[in-house]
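Okay, so here's the structure we're looking at.
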Amino acid sequence: MEPVEISEDDLLLRPWRAEDAEAVHRACQDPDIQRWTTVPRPYLPEHAREFVTDVAPRAWAEGTGAPFAVCDATTGELLGSCGLVTLDARLGSAEIGYWAAPWARGRGVTTTATRAVARWAFDALKLRRLVWQAEVGNHASRLVALRAGFRVEGRLRLADPAPEGRPEGWIGSLLPGEVPAPGTPGPAGPGSLEARRAAVFGRPQPVLFATAGAAELRLRPMEERDLDAVVRTCRDPDTLRWTTVPDPYERSDAESFLDFVRGTWAAGTGAAFVIADADDRYAGSIDLRLAATDPLLADVGFMTAPHARGRGYMPAALTALCTWGFTTLGLARIEWRANVGNTASRRVAEKAGFTVEGTARGGLTHRGERIDVWVGALLAGDLT
């Protein structure tokens, strides 16, 4: 396959050259490129030279890929990499990959380049589908894919996960006619809810603060050191009575829960926090779960460690979490549910401002039986 050049807006996408090696080596020292891509670690000058003089030209020659250097059309400065990392002409399908040099980020370079490569692949190569993949948690890559018109369709287990990464990846596809036109904002543009949440979940989980009387509380990510306290809390008779935690509750259940909550943050589907007292001891857990079908809706769940009950910790923590959900995640409604009879949970919700809206008959499955549940909600306007 003959290498080509593509011009789009103020970018030039061209085949790699030997003189690009120094800039490629410099870009690939970036922690984000090393974290989220498959470049060698450590990335040495010889890796860059091999890529630009052997790997990239061979992909073109053998028709197995189409790697482009993304450059400033005026100055020639290298801004990133974008291209077809695999290509199956028989199937009419290819996978796209990209990275942005750290000095070129925040300018829409990768989105423009990805759209340009996609249009060329469909028009010139007559491909029928492009595939995008990224490790769950790589929200910057996901946002580029959305802006380029890709439909994120699910997850798959990774064949070769990064040592410090998640074992699952997102996968999406793009078909002819779905690439936004040049110069149009397309989906998930700046200021959109998707962009807002990508900025939140693409960073480490924050620490929130709450005050209960004279006590100062921290809502922080769960850690390994919290697991023994989680086990004790989940073995408490009241916890077992009113929640759906496994019974009996073992240390392995707590370890699985820790992995689960880390995964929900990585995926951007929820946020679980430990409520820590002034001595940073575990006092309870609380989580916010985003609805899969309504981006403005979430529900809350919580449990208090036995030693921390009756101190007002949970209403304070719930208020702090909901405030964060409304102001940072852009939620419009947060729902609370509890088994009918769980007056302690109801008091917490009402103290935090929730309105109990009624009873859902057979609303939940609890220990193998359908049970009635109270349903309440807090709206964004309720906190103003």
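We number each residue from 1, following the sequence as shown.
At least one side-chain heavy atom of V4 sits less than 4.5 Å from a side-chain heavy atom of W60. No side-chain heavy atom of R235 sits less than 4.5 Å from a side-chain heavy atom of T239. L219 places none of its side-chain heavy atoms less than 4.5 Å from the side chain of Q205.
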Anything under 3.5 Å between a donor and an acceptor, one on a side chain of residues 299-307, the other on a protein residue two or more places apart or in another chain? List them.
{"from": "D299", "atom 1": "OD2", "to": "R289", "atom 2": "NE", "distance (Å)": "2.8"}
{"from": "D299", "atom 1": "OD2", "to": "R289", "atom 2": "NH2", "distance (Å)": "2.5"}

Without placing hydrogens or testing angles, list every side-chain donor-acceptor pair under 3.5 Å for residues 167-182, not counting sequence neighbours.
{"from": "E168", "atom 1": "OE1", "to": "R155", "atom 2": "NH1", "distance (Å)": "3.1"}
{"from": "S173", "atom 1": "OG", "to": "E153", "atom 2": "OE1", "distance (Å)": "3.0"}
{"from": "S173", "atom 1": "OG", "to": "E153", "atom 2": "OE2", "distance (Å)": "3.0"}
{"from": "E178", "atom 1": "OE1", "to": "L175", "atom 2": "N", "distance (Å)": "2.9"}

I'd like a table of donor-acceptor pairs (distance under 3.5 Å, sequence neighbours excluded) in which one partner is a side-chain atom from residues 322-330, with atom names and distances.
{"from": "T323", "atom 1": "OG1", "to": "T319", "atom 2": "O", "distance (Å)": "2.8"}
{"from": "T327", "atom 1": "OG1", "to": "T323", "atom 2": "O", "distance (Å)": "2.8"}
{"from": "T328", "atom 1": "OG1", "to": "W324", "atom 2": "O", "distance (Å)": "3.4"}

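Residue-environment remark: CZ (F260) stays at or below the threshold of 12 foreign heavy atoms within 6.0 Å. More than 12 heavy atoms of other residues, nucleotides or ligands lie within 6.0 Å of CD in E357, so this atom counts as buried by the packing criterion.
A salt bridge links R281 with D277: the distance from a Lys NZ or Arg NE/NH1/NH2 to an Asp or Glu carboxylate oxygen falls below 4.0 Å. Under the 4.0 Å criterion applied to side-chain N and carboxylate O atoms, R49 and D54 are not assigned as salt-bridge partners. In this structure, D20 does not pair ionically with R26, as no charged nitrogen and carboxylate oxygen lie closer than 4.0 Å. Between D32 and R105 there is a salt bridge, since a side-chain N of the basic residue sits under 4.0 Å from a carboxylate O of the acidic one. Ion pairing of D238 with R309 is present here, as a side-chain N (NZ or NE/NH1/NH2) and a carboxylate O approach within less than 4.0 Å. Look at R35 and E135 and you find a salt bridge, because one of the NZ, NE, NH1 or NH2 atoms lies within 4.0 Å of a carboxylate O, short of that distance. Salt-bridge check for E77 with R107: failed, with every basic side-chain N at 4.0 Å or more from each acidic carboxylate O.
Partners of H25 according to the ring pair (Phe, Tyr, Trp, His ring centres under 6.0 Å) rule, which considers only residues two or more places apart in sequence or in another chain, do not exist here. Considering only residues two or more places apart in sequence or on other chains, T365 meets the side chain to side chain donor-acceptor pair (under 3.5 Å) condition with R370.
Shown here for W265 and R203, the closest heavy-atom pair between the two residues is NE1-O, 3.0 Å.
Using a distance-only test at 3.5 Å, with no hydrogens or angles considered, no donor-acceptor pair links the side chain of R347 to the main chain of P315. Judged by distance alone, with hydrogens and angles left aside, the side-chain atoms of H366 form a donor-acceptor pair with the main-chain N or O of R241 at under 3.5 Å.
Judged as a ring-ring contact (aromatic ring centres under 6.0 Å, His included), not a single pair has a partner in residues 219-253 (not counting sequence neighbours).
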Assess the residue pair F68 and W120 against the criterion (ring-ring contact (aromatic ring centres under 6.0 Å, His included)); give the C-alpha distance rounded to whole Å, side-chain angles, the decisive distance to 0.1 Å, and a yes or no.
CA-CA 12 Å; F68 292 93; W120 169 79; 5.5 Å; yes

